[in-house]
Undergrad: 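I have a structure I would like to understand better, so I am pasting it below and will then ask my questions one at a time.
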Amino acid sequence: SQLNSKFSFKQLGSLDYFLGIEVKTLPDKSILLTQSKYIGDLLQKTCMTEAQSISSPMASSCKLTKIGSDLFSDPTLYRSVIGAFQYLIITRPELSYSVNKVCQFMANPLESHWVAAKRILRYLKGTVLHGLHLRPAILGQSYFIRVLCDADWESHVDDRRLTSVAAVYLGPHLISWWSCKQQVVARSSTEAEYRSLAQITAKISWTQTLLTELKVPFSTPIVSCDNQSAVAIAHNLVFHAKTKHMELDLFFVHVKVLTKQLIVQHVQALDQWADALTKPLSPTRFAFLRTKLMLRLLQSLNHLEFEGGY
């Protein structure tokens, strides 16, 4: 009403559809963001509406490479489908790793790359009604920021570059996530994890600034990493003689920890939810971690008993 006194507004009712994203308001006033129509159109376009669904978007043994002679006959179709996948990540964070992987071969796709893309389509066919779940905020409550960061070291067969991943939670809500191939080759798993930690530290600094400007109360961010050496380096620069080639990252994170702007802690591998964004997993493990990324099936929300903590 205050904005309406200064600007001309038209009330269009409750939001239910915007740029291909369906917004479903649930009885508890939470919302579910889905893209079922968008997925249906994509399946229709690729003639996959009758395909058999599958429980994970990428096989755990999948190793894609750009080397091969079995060129895909329709590279334009491949690029179009992969581009559509990128828009799906807005509400489907669990697709980040698999989509990032198939995106790396758009210049010269092979038949094996198209097979991997079709597996993602088969997974989507069985999860059309899944979406990102967001619950209403409690006014005046101080939010905690928790980040899970991870790195996939030397898994890229062609160039051995690392992939850094992260999942950022504001309270119970997943607000940001990524799975990005970096431009550097890490010489150890510790270096790979620490570079990922430095990247997320920069992102969190920006998030803190934004929340401060919006006057949203929040506690000191907690970053969880499953590499004990990377956590130790963040707290103790005695280690830095062994890692001089990444000195800037070392000091950047350490200063944040030293000034208590950031808490870096170790998390057990079984509790590393970012694994879903880091590597292909077994269907059972993938299904478990998918729920941790706030992915919910519309029909199950009426019966779902949410976890209260992390």
Side-chain angles (χ1 to χ4, degrees), residues 18-24 30-36 38-39 42 54-58 60 62 82-104 116-117 119-135 145-152 163-181 196 199-200 203-204 206-207 221 223-226 267 271-298 300-301 304 306-307 310:
F18 181 73
L19 296 178
I21 301 172
E22 298 153 55
V23 182
K24 305 187 188 307
S30 63
I31 61 173
L32 185 72
L33 305 179
T34 65
Q35 291 173 278
S36 55
Y38 185 85
I39 293 172
L42 183 58
I54 202 163
S55 55
S56 64
M58 184 167 281
S60 58
C62 182
I82 302 308
F85 286 162
Q86 292 182 21
Y87 192 66
L88 272 173
I89 296 176
I90 294 173
T91 63
R92 302 296 294 271
E94 87 279 19
L95 293 174
S96 296
Y97 175 80
S98 52
V99 171
N100 172 266
K101 203 70 176 175
V102 294
C103 277
Q104 295 169 25
R119 183 183 174 103
I120 297 174
L121 288 167
R122 292 171 61 196
Y123 169 76
L124 288 171
K125 184 178 184 297
T127 57
V128 172
L129 296 178
H130 282 70
L132 187 64
H133 186 240
L134 300 172
R135 283 177 273 176
I145 301 174
R146 188 184 180 190
V147 186
L148 292 154
C149 73
D150 202 359
D152 184 21
T163 297
S164 63
V165 306
V168 183
Y169 294 83
L170 179 63
H173 306 113
L174 181 65
I175 61 169
S176 182
W177 57 90
W178 63 84
S179 176
C180 300
K181 183 179 179 182
S196 181
Q199 183 184 32
I200 189 58
K203 298 278 189 181
I204 287 300
W206 179 87
T207 303
V223 180
S224 298
C225 173
D226 62 3
V267 64
D271 298 321
Q272 177 55 282
W273 302 344
D275 271 353
L277 312 179
T278 310
K279 54 195 172 188
L281 301 168
S282 66
T284 303
R285 177 68 174 164
F286 181 80
F288 170 73
L289 293 179
R290 183 175 63 190
T291 63
K292 300 299 183 182
L293 295 175
M294 301 309 294
L295 260 290
R296 301 288 186 261
L297 176 62
L298 180 60
S300 67
L301 282 172
L304 192 60
F306 291 102
E307 300 166 77
Y310 287 85

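As the structure is a computational prediction, the values presented were derived from the model and not from experiment. Position 1 is the first residue of the sequence, and the numbers go up from there.
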Undergrad: Return the CG to SG distance between Asp226 and Cys149, rounded to the nearest 0.5 Å.
TA: 8.0 Å
Undergrad: Under 6.0 Å between ring centres, would you say that holds for Phe286 and Tyr97?
TA: no
Undergrad: Could you state the interatomic distance from CG (Leu42) to CD1 (Ile120), rounded to the nearest 0.5 Å?
TA: 10.5 Å
Undergrad: Going from CG on Leu88 to CD1 on Ile21, what distance comes out if it is rounded to the nearest 0.5 angstrom?
TA: 9.5 Å
Undergrad: To the nearest 0.5 Å, what is the distance between OG (Ser96) and CD (Gln86)?
TA: 11.0 Å
Undergrad: The criterion is side-chain contact (heavy atoms from CB on, under 4.5 Å); which residues satisfy it with Ser55, sequence neighbours excluded?
TA: Pro283
Undergrad: Apply the test side chain to side chain contact (heavy atoms under 4.5 Å, CB included) to residues Arg92 and Ile39: give CA-CA distance (whole Å), side-chain angles for both, the deciding distance (0.1 Å), then the verdict.
TA: CA-CA 11 Å; Arg92 302 296 294 271; Ile39 293 172; 3.7 Å; yes
Undergrad: With rounding to the nearest 0.5 angstrom, report the CZ to OG distance, Arg119 to Ser98.
TA: 9.5 Å
Undergrad: With no hydrogens and no angle check, is any side-chain donor or acceptor of Glu94 less than 3.5 Å from a backbone partner on Leu293?
TA: no
Undergrad: Can you see which heavy atom on Ser179 is nearest to which on Val165, and at what distance?
TA: OG-CG1, 3.5 Å
Undergrad: When you check the side-chain N and O atoms of Arg290 and Thr127, is any donor under 3.5 Å from an acceptor?
TA: no
Undergrad: Closest approach of Leu134 and Leu174, non-hydrogen atoms and distance?
TA: CD2-O, 4.4 Å
Undergrad: Under the criterion side chain to side chain contact (heavy atoms under 4.5 Å, CB included), I'd like the reasoning laid out for Trp178 against Ile89: C-alpha separation, chi angles, the key distance, then a yes or no.
TA: CA-CA 9 Å; Trp178 63 84; Ile89 296 176; over 6 Å; no
Undergrad: Tell me which one of Gln35, His130, Glu22, His133 satisfies side chain to side chain donor-acceptor pair (under 3.5 Å) with Thr91.
TA: Gln35
Undergrad: So, using ring pair (Phe, Tyr, Trp, His ring centres under 6.0 Å) as the criterion, who are the partners of Phe85 when residues are at least two apart?
TA: none
Undergrad: Please list, chain by chain and in numerical order, all residues satisfying ring pair (Phe, Tyr, Trp, His ring centres under 6.0 Å) with Tyr87, sequence neighbours excluded.
TA: Tyr38
Undergrad: Determine, step by step, whether Leu32 and Leu129 satisfy the side chain to side chain contact (heavy atoms under 4.5 Å, CB included) criterion, reporting the C-alpha distance in whole Å, the side-chain angles of both residues, the deciding distance to 0.1 Å, and the verdict.
TA: CA-CA 10 Å; Leu32 185 72; Leu129 296 178; over 6 Å; no
Undergrad: Any chance you could measure Met58, atom CE, to Leu281, atom CG, to the nearest 0.5 Å?
TA: 11.0 Å
Undergrad: For a side chain to side chain contact (heavy atoms under 4.5 Å, CB included) check, start with the C-alpha distance between Leu19 and Ile90, then their side-chain angles and the critical distance, and finish with the verdict.
TA: CA-CA 11 Å; Leu19 296 178; Ile90 294 173; over 6 Å; no
